[in-house]
Amino acid sequence: MLLSKLLLPTLKDAPKEAEVISHKLMLRAGLVRKVASGIYTWLPLGLKVLRKIENIVREEMDASGAQEVLMPMVQPKELWNETNRWEKMGPELLRIKDRHERDFCLGPTHEEVITDLIRNNVKSYKELPLNIYQIQTKFRDEVRPRYGVMRGREFLMKDSYSFNIDEACLQSTYLTMRNTYKNILERIGLDYKIVAADSGAIGGDASEEFHVLAETGEDTIAISSESEFAINTELLLKEGEDISSLEGKPSPDGKGTIQIKKGIEVGHIFKLGKVYAEDMKANVLNNEGKASTLHMGCYGVGVSRLVAAAIEQNNDDKGIIWPHSISPFDINIIAIGYEKDQQIAEASLKLYKDLQEMGYDVLLDDRKDGYGTKMKDSELIGVPLNIVIGKQYIETNEVELKSRSGDSSLNDISNLKTILDFFK
RNA sequence: CGGGGUAUAGCGCAGUCUGGUAGCGCACUCGCUUUGGGAGCGAGUGGUCGUAAGUUCGAAUCUUACUACCCCGACCA
């Protein structure tokens, strides 16, 4: 991509509406723009990041044996009446009417729709287990949207629903999803914890959340300094404990001491059991030929929230520092004097094309600006590797490799292999 | 929904107390000079001052109502 053609409205000053660092940087780096409270347009650069995360999620879900579908965002009241959630849910369920005065809602989640699909189309235990997912825009009319896309009203989510013949089978799928979520977060490259969580009003007997650790997290979690033990302090509050007093105490599992941390919930896995299947009469015939209520699980990943979470965990005073896995570009070629110097222009374009042919996602800064402006923007948008081509190239045929993390070195422009050792 | 705050050009802000017809920095346009850390000079574009009503000869400024947005809380698969 030529930067001169890219819609990339970077800002020196963050709009005052932004409070947390990820929100400020997402606005400054030209990733998103607000349309209304909690509702955002994703600009080209932001969308590239969103798609990269989405693709990692998709690949790992497919690898786990799950199947992708796409359900509607608009859902009829009748389905929600079956589980009584039309009544139970508060105003966060945005209700609308069509031209015939029929009631619909904007989907905040899809248990009803997916359960309806499965009960109508799956009749035998032989077709199970099934794990069906989608990556789709959700709408929840939050009481108070905040922190940009971190807690938006409209947001992108991967939600999946498993249908199992019994508890043991559900347990197996649950563990597969647990492992899949670990793979996703490790591939993206985030520091996270799996925490025991409140299973909430939805019922069910097991629930774990995946939290990206960050100061601005909305949840408070207690973790062990040495083991995997981690728990959402919402659970402790119910028992009336004072959270701050836990700091430094021995971990309940006997390993290490308790530390109190802030976390951003980016994933949640749930064993629903038979709750929805019973309400909606979702049965299959078991191996004895008798109707058997399905056991369900549901598993969510906040895709758009992950963008913000990744920034919260990876930034400095200059801007975003993308993990390479989700960076909008792999390489930014900073061409100094692109407009004036034929040699620079030709060499930059050749390098650009060569790197593209090697499979890299390359940005070429061909704008009429100086080194400072181009570097500042590159650092703001967080591209992992810059290749500076300027007077050094004219003199010695060398370009400077400058990583976002601060390393730099000079290399002959023809030596692309050396250049790309950076990514090993 | 309770508490607090903000609203003036794309972004950041001044002007409001003390009413006189809107300004600064950045960005943007044109020209020339620049080009390895957000360049310089010159000339420009862009605002029904959140909305509505009121007071007044005159309102960004005073009064009232409303709206939007942000923060804290409550809420949240």
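Note that these values count all heavy atoms, side chains included, but never hydrogens, waters or copies made by symmetry.
A side-chain donor from one of Q356(A) and Y352(A) sits under 3.5 Å from a side-chain acceptor of the other. H295(A) and D166(A) share no side-chain donor-acceptor pair at under 3.5 Å. Side-chain atoms of E209(A) and N232(A) form a donor-acceptor pair, as typed in the model, at a separation below 3.5 Å. Between the side chains of H268(A) and E208(A), no donor-acceptor pair of N or O atoms lies under 3.5 Å. No side-chain N or O of Q136(A) forms a donor-acceptor pair with one of K158(A) less than 3.5 Å apart. Inspection of the D62(A) and S64(A) side chains reveals no N or O donor paired with an N or O acceptor under 3.5 Å.
With U35(B), G12(B), G38(B) as the candidates, the nucleotide lying closest to the side chain of K12(A) is G38(B). The side chain of A36(A) approaches C69(B) more closely than any other nucleotide in the set C13(B), C69(B), G38(B). Comparing U35(B), G12(B), G73(B) by their nearest atom to the side chain of K340(A) picks out U35(B). The side chain of K376(A) lies closest to G37(B), out of G37(B), C75(B), C11(B). Considering only side-chain atoms of K34(A), the nucleotide from G37(B), G38(B), C69(B) that sits closest is C69(B). For K16(A), whose side chain is taken as the heavy atoms from C-beta onward, the closest listed nucleotide among C11(B), G38(B), A7(B) is A7(B).
Side-chain atoms of D316(A) come within 3.5 Å of backbone atoms of G319(A) as a donor-acceptor pair (strictly under, hydrogens ignored).
For S348(A), there are no side chain to side chain donor-acceptor pair (under 3.5 Å) partners, not counting sequence neighbours.
One interatomic measurement links the two molecules: CG of D141(A) to C1' of C1(B), which rounds to 13 Å at whole-angstrom precision. Computed from coordinates, the I334(A) CD1 to G38(B) P distance equals 14 Å when rounded to whole Å. We find that CD1 of I336(A) is positioned 13 Å from P of A39(B), with the value rounded to whole Å. One atom, CG of L11(A), and another, C1' of C11(B), lie 6 Å apart when rounded to the nearest Å. One interatomic measurement links the two molecules: CE of M150(A) to C1' of C70(B), which rounds to 15 Å at whole-angstrom precision. Between the CZ atom of R367(A) and the P atom of A39(B) there is a distance of 11 Å, given to the nearest Å. Straight-line distance from the CZ atom of R146(A) to the C1' atom of C70(B): 12 Å, rounded to whole Å. Taking atom NZ of residue K24(A) and atom P of nucleotide C69(B), one finds them 20 Å apart after rounding to whole Å.
At the heavy-atom level, K368(A) lies under 4.0 Å from base atoms of the strands shown. Heavy atoms of Y161(A) sit under 4.0 angstrom from at least one base atom. Nucleic acid contact class of E218(A) (heavy atoms, under 4.0 Å, all strands): none. Contact annotation for E17(A): backbone-only contact, meaning every heavy-atom pair under 4.0 Å involves sugar-phosphate atoms and none involves a base. Contacts of A18(A) with the nucleic acid, taken as non-hydrogen atoms under 4.0 Å apart, are absent. K402(A) comes within 4.0 angstrom of a base, heavy atoms only. Base contact: H110(A) has a heavy atom under 4.0 Å from a base atom. If you check every strand for non-hydrogen atoms under 4.0 Å, M157(A) touches a base.
Distances shorter than 4.0 Å separate some side-chain N or O of Y147(A) from OP1 or OP2 on C72(B). Between T373(A) and the phosphate of G37(B), there is no side-chain N or O to OP1/OP2 separation shorter than 4.0 Å. Within the structure, a side-chain polar atom (N or O) of R144(A) is placed less than 4.0 Å from OP1 or OP2 of C72(B).
Across every strand in view, G12(B) sits in a pair with C24(B) that passes the Watson-Crick or G-U test at under 3.5 angstrom. Look at U35(B): it lacks any Watson-Crick or wobble partner with both distances under 3.5 angstrom. Across all strands shown, A7(B) is found opposite U67(B) as a Watson-Crick or G-U wobble partner, with both distances under 3.5 Å. The partner of U61(B) cannot be assigned: no Watson-Crick or G-U wobble pair with both contacts below 3.5 Å exists in any strand.
Put simply, the side chain of E379(A) and the base of G37(B) share a donor and an acceptor less than 3.5 Å apart. The base of G38(B) has none of its N or O atoms less than 3.5 Å from a complementary donor or acceptor on the side chain of D369(A).
Among F210(A), Y174(A), F270(A), Y192(A), the single residue meeting the ring pair (Phe, Tyr, Trp, His ring centres under 6.0 Å) criterion with Y181(A) is F210(A).
Remark: the separation of the P atoms in G58(B) and A14(B) is 30 Å, to the nearest Å. G47(B) sits 12 Å from G10(B) when the C1' atoms are compared, rounded to a whole Å. G15(B) and G73(B) have their C1' atoms separated by 35 Å, given to the nearest Å. Atom C1' of G31(B) sits at a distance of 24 Å from the matching atom of C24(B), rounded to the whole Å. Atom P of A43(B) sits at a distance of 36 Å from the matching atom of C62(B), rounded to the whole Å. Comparing A60(B) with U8(B), their P atoms sit 15 Å apart, to the nearest whole Å. Between U63(B) and G19(B), the two P atoms lie 12 Å apart (nearest whole Å). Atom name P, nucleotides G42(B) and G37(B): the rounded distance is 24 Å, in whole Å.
Residue whose closest nucleotide on RNA chain B sits further toward the 5' end, between G38(A) and T10(A): T10(A). Residue whose closest nucleotide on RNA chain B sits further toward the 5' end, between G390(A) and E265(A): G390(A).
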